[in-house]
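Note sheet for the following structure.
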Protein chains: 2
Amino acid sequence: MVAEKVFTQLRRGTLEYCVLALLQGEERYGFDLVKELGEIDGMVTTEGTIYPLLARLRREGMVETSWRESESGPPRRYYRSTAEGGQALADFTADWERFRTSVDGILRRGNEGRRK
Amino acid sequence: MVAEKVFTQLRRGTLEYCVLALLQGEERYGFDLVKELGEIDGMVTTEGTIYPLLARLRREGMVETSWRESESGPPRRYYRSTAEGGQALADFTADWERFRTSVDGILRRGNEGRRK
DNA sequence: ACAGGTACCTTGTTTCGCATGGTAGCTGAG
DNA sequence: CTCAGCTACCATGCGAAACAAGGTACCTGT
């Protein structure tokens, strides 16, 4: 589909915080996150995206991890958000709302508008 | 400001269509677009961003251009949206709304939610 | 014993915004 | 009249993020 390319660009910068949001008050592992995001419109992604992203979040102290055995299959690395991660998410949410409002405003002007 | 880095990422993919939106039913020149965008929250940008972007839109047939003299200062290259540009904008607007809805949903879950 | 699913990760490529810097015309102050 | 500063255009090279592709290894069922 053509629209996929658009979403690839839109995800930039937001995907990171969407993952952080999914890790609030809930532990998850990478492979699980890929499947979870795959069910959300416009958020389809792959392991090649998620693992580097999680590594970055870990480096920055946004998430903590712990290995745990699976009942069926290889062991999993579980991620959970730190307090710092929760704060970063809250900050981003405020920025996102400002940005979203701006974009909505400009698009409205362009699509219906056509003034003067 | 720290938040600026966030906006840089968020602009990816959307800036192009915001410009296209500003060019609907209205001719503008590059330098003017920079100033116009600079007044919109989260859209502050520079000539180094706008000119390559406009060149790309022109290459793809989204905009047409014409040189015109200025009463004061160097001549200006005016840009206006083609029909193709208008269609691309409409398509993007639909995609943007889907994406925005998804992000809002995920962020809500992460910030207030904290279920189970 | 081996095919297929689960789960982790790395490497190289692409894309886009931006920093930087360069050209040139017009205007106004000294 | 000259030159500083604004307007206006553009090109080049970099960095960050997402992704494609590929690799390893474990477990289960046939």
Side-chain angles (χ1 to χ4, degrees), chain A residues 1-2 4-20 27-38 42-60 62-63 65-79 92 99 103, chain B residues 1-20 27-38 42-60 62-63 65-79 92 99:
Chain A
M1 204 180 297
V2 182
E4 295 312 321
K5 305 224 171 185
V6 176
F7 288 121
T8 295
Q9 292 307 318
L10 291 178
R11 272 192 288 275
R12 296 227 169 213
T14 66
L15 187 55
E16 180 178 346
Y17 294 97
C18 287
V19 166
L20 214 45
E27 282 189 310
R28 288 178 191 282
Y29 56 98
F31 204 75
D32 186 37
L33 281 167
V34 173
K35 284 184 292 182
E36 183 95 5
L37 287 168
M43 285 295 163
V44 186
T45 190
T46 67
E47 298 168 75
T49 299
I50 287 298
Y51 287 115
L53 189 159
L54 287 170
R56 196 169 67 240
L57 289 175
R58 189 152 46 108
R59 255 197 319 269
E60 294 168 354
M62 301 297 171
V63 297
T65 69
S66 58
W67 283 98
R68 212 172 311 156
E69 294 293 324
S70 163
E71 297 133 9
S72 63
R76 300 162 176 169
R77 193 205 281 271
Y78 279 85
Y79 295 80
F92 171 79
F99 181 76
V103 174
Chain B
M1 204 180 298
V2 181
E4 296 312 322
K5 304 223 172 187
V6 176
F7 288 123
T8 296
Q9 292 305 317
L10 290 179
R11 272 192 287 274
R12 293 227 167 212
T14 66
L15 187 57
E16 179 179 346
Y17 293 97
C18 287
V19 167
L20 214 43
E27 281 189 309
R28 288 178 191 283
Y29 55 99
F31 204 75
D32 185 37
L33 281 166
V34 173
K35 285 184 291 182
E36 183 94 5
L37 287 167
M43 286 294 162
V44 186
T45 189
T46 68
E47 299 166 76
T49 298
I50 287 298
Y51 287 115
L53 190 158
L54 287 171
R56 197 169 66 240
L57 289 176
R58 189 152 45 107
R59 232 178 300 126
E60 294 167 353
M62 302 296 173
V63 298
T65 69
S66 58
W67 283 97
R68 214 173 309 158
E69 293 295 323
S70 164
E71 297 134 9
S72 63
R76 300 162 175 169
R77 193 205 281 270
Y78 279 85
Y79 297 80
F92 172 79
F99 181 76

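So you know, we letter chains A, B, ... as the sequences are listed, proteins then strands, and number each from 1. Computed over heavy atoms, backbone and side chain alike; hydrogens, waters and symmetry mates excluded.
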Nearest-Å distance for atom pair [atom1]/[atom2], residues [X] and [N]:
X       : N      : atom1 : atom2 : value
B:Arg59 : C:dC16 : CZ    : C1'   : 12 Å
B:Tyr51 : C:dG21 : OH    : C1'   : 15 Å
B:Leu54 : C:dC18 : CG    : P     : 14 Å
A:Ile50 : D:dC19 : CD1   : P     : 9 Å
A:Glu69 : D:dT28 : CD    : P     : 11 Å
B:Glu16 : C:dG17 : CD    : P     : 7 Å
A:Phe31 : D:dC26 : CZ    : P     : 17 Å
B:Asp32 : D:dA8  : CG    : C1'   : 11 Å

Sugar-phosphate only, base, or nothing, as touched by A:Glu71 at under 4.0 Å among non-hydrogen atoms
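Here A:Glu71 touches the backbone only, sparing every base.
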Check whether any side-chain N or O of [X] sits under 4.0 Å from OP1 or OP2 of [N], and answer yes or no.
X       : N      : value
A:Thr46 : D:dC19 : no
B:Arg56 : C:dT15 : no
B:Thr49 : C:dG17 : no
A:Ser70 : D:dC27 : no

Min side-chain heavy-atom separation A:Arg56-A:Glu16 under 4.5 Å
yes
Return whichever of A:Gly30 or A:Gln9 has its heavy-atom-nearest nucleotide of DNA chain C closer to the 5' end.
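Per heavy-atom nearest nucleotide, the more 5' residue is A:Gly30.
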Quick check on DNA chain C: between A:Gly48 and A:Gly73, whose nearest nucleotide comes earlier from the 5' end?
A:Gly73
Of the options [options], whose atoms approach the side-chain atoms of [X] most closely?
X       : options                : result
B:Arg76 : D:dT7, D:dT12, D:dC19  : D:dT7
A:Pro74 : D:dT7, C:dA7, C:dT10   : C:dA7
B:Leu15 : D:dC10, C:dG17, D:dA8  : C:dG17
A:Arg77 : C:dC8, D:dC10, C:dG17  : C:dC8
B:Tyr29 : C:dC18, D:dA8, C:dA7   : D:dA8
A:Arg12 : C:dC18, D:dC10, C:dT15 : C:dT15
A:Trp67 : C:dG17, C:dC8, C:dA7   : C:dC8
B:Tyr79 : D:dA8, D:dC10, C:dC8   : D:dC10

Reported CD-to-OH distance for the pair B:Glu27 and B:Tyr79, which is rounded to 0.5 angstrom
12.0 Å
Counting distance alone, no hydrogens or angles: does the base of D:dC9 have a donor or acceptor under 3.5 Å from a partner atom on the side chain of B:Glu47?
yes
Between A:Ser72 and A:Leu53, which residue's closest nucleotide on DNA chain D lies nearer the 5′ terminus?
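Closest to the 5' end, via its nearest nucleotide, is A:Leu53.
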I'd like to know whether B:Leu53 forms a side chain to side chain contact (heavy atoms under 4.5 Å, CB included) with B:Thr45, so could you lay out the CA-CA distance, the side-chain angles of the two residues, the decisive distance to 0.1 Å, and finally the verdict.
CA-CA 12 Å; B:Leu53 190 158; B:Thr45 189; over 6 Å; no
Hey, mind stepping through B:Phe99 and A:Thr14 against side chain to side chain contact (heavy atoms under 4.5 Å, CB included) and telling me if it holds?
CA-CA 10 Å; B:Phe99 181 76; A:Thr14 66; 3.4 Å; yes
Under 3.5 Å, is there a donor-acceptor pair between the side chain of B:Arg12 and the main chain of A:Thr8?
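Not confirmed, B:Arg12 side chain does not pair with A:Thr8 backbone.
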Could you go through the side chain to side chain contact (heavy atoms under 4.5 Å, CB included) check for A:Leu33 and A:Leu54 one step at a time?
CA-CA 10 Å; A:Leu33 281 167; A:Leu54 287 170; 4.1 Å; yes
